[in-house]
Amino acid sequence: MYKVTLKVRNQQFEYNCAPDQTPLRAARNEFIPFPTGCQRGGCGMCKMKVLEGKYEQELERSHEALSNEELANGFALACCMTVKSDLDIISAADYENQLIKDSLEKAK
Amino acid sequence: MTRVMRLGRVELNVLNLDKSVEYYTKVIGLEETGRMGNSVYLKAWDEFDHHSLILTKSNKAGLVHLAFKVETIDDLAYYERKIEEFGCTTTRISSNTRLGEGEAVHFILPTGHHCELYHEIGFLGTAVGTRNPHPWPLGMKGIAPHRLDHLLLTGDDLKTVTRFFVEVLNFGQSERVVTEGEEELVGSFLFTTNTSHDIAFVKGPDAKLHHAAFGVESLHDVFKAADLLSMYEVPFDVTPTRHGISRGQTIYFFDPSGNRNEAFAGGYMAFRDMPTITWDASKIGTGIFYHRRELSESFMKALT
Ligand code: FES
Ligand SMILES: [Fe+2]
């Protein structure tokens, strides 16, 4: 069992994820509101940024949902990845909001 | 009066051709009718033309093109002129660009989707034939729909795309969803056959696919489709329910590339002179999911 720390919809969650589960599936099993769509790597709704931890992203996915550049920058699709250690993740939307907030702070 | 006969074919991008062909033949229950390049051609058992679905390998999901069949070859020139007059650019696609297809007129819809009109396409016949036919063929696999039924696409300017279908392609509008004061059109359901919709649009990003629907006969078939999808562990979007819009019975699920599919049954018959039904945007939950009466995040946001 790995421990996943997730920030999504401005909330923080902690849950366990078995090595044979996707972090999306494990979250849903705990009624954690992980944004979910196709569960097939096609729509990008489950996109998040991995802040810390090891994982393996299924490479066969829509490049519109997750481009090669995003992949290289630590973004992943939670519906089609395998967790290899404890994981600290934030949804792509929350991550973007945080970046905006941080840059506004700096500008002050 | 010249007439667009039906939504004849849809081409989808798929991430893995083998997996997708297995899904569309075994789970959906279509028949593979040919291959060319990176594409596989399929049809439903009750369809007689060479194909209604093309799966094309890509590194993204979504719609490549949709195409309507017109009644005569001369209709191509007729609609070509009307489309140009509306302000869309047309190009001719030559015969045999794809397998079994004659010449087509290509244009881009005001919502950014690639669309074609065609008349010529290879003929294979239904699985039961036309002489003393049985009602259905023995040895059907999977959901085994009768046919490709309709498409739901997303786009920004639904007023213009509706005007295009009504004025240029002579479609009727069976239903529409409007915001308060009729200011904005956020849903538009259009038909050229006698079904409640052959193509529909909901407000959203341009050029995206919401779902491709296959027609089954009854609620029982929708329910059986749901059973099969669980057996094959296909992810659901929505389990069997009724639509307020169209009154049809429905189930939504995702193909191996994340393209949404629907098995759709029933719905009323649409007629050219029927009055358009209007839904208030505040009632859209009931319009889409008549029982649950609210939309879901996945249904609204998962697009390919
Ligand atoms: S849910 Fe669609 S890509 Fe993950
Ligand atoms: Fe539909």
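Note on naming: letters A, B, ... go to the chains in the order of the sequence lines (proteins, then strands), and numbering restarts at 1 for each one. Quick caveat, the model's predicted, so the values are computed rather than measured.
- Between B:F164 and B:F107, the ring planes are tilted. Angles from 30° to 60° get that label.
- Heavy atoms closer than 4.5 Å to chain A are found nowhere in B:D237, neither backbone nor side chain.
- Ranked by non-hydrogen atom pairs under 4.5 Å with chain A, the options B:S58, B:G258, B:P235, B:A61 are led by B:P235.
- Distance alone, capped at 3.5 Å, places no donor-acceptor pair between the B:R242 side chain and the B:Q249 backbone.
- Remark: A:R9 does not engage A:D94 in a salt bridge, criterion side-chain N to carboxylate O under 4.0 Å.
- Taking 4.0 Å as the cut-off between side-chain N and carboxylate O, B:K19 and A:E60 count as a salt-bridged pair.
- Proximity to chain A involves both the backbone and the side chain of B:L15, based on heavy atoms less than 4.5 angstrom apart.
- Interface check for chain B: of the options A:G41, A:C79, A:G37, the most heavy-atom pairs under 4.5 Å are formed by A:G37.
- When each of A:E64, A:R61, A:R40, A:Q39 is checked for heavy-atom pairs under 4.5 Å with chain B, A:R40 comes out on top.
- Contact of B:N13 with chain A is not made at all, since no heavy-atom distance falls under 4.5 Å.
- A salt bridge links B:E116 and B:R98; the closest N-O separation between the charged side-chain nitrogens and carboxylate oxygens is under 4.0 Å.
- Aromatic pair B:F264/B:H197: ring centres closer than 6.0 Å.
- Chain B forms more heavy-atom pairs under 4.5 Å with one residue of A:S62, A:G42, A:C38, A:P33 than with any other, namely A:C38.
- Interface residue B:V234: only backbone heavy atoms are found under 4.5 Å from chain A.
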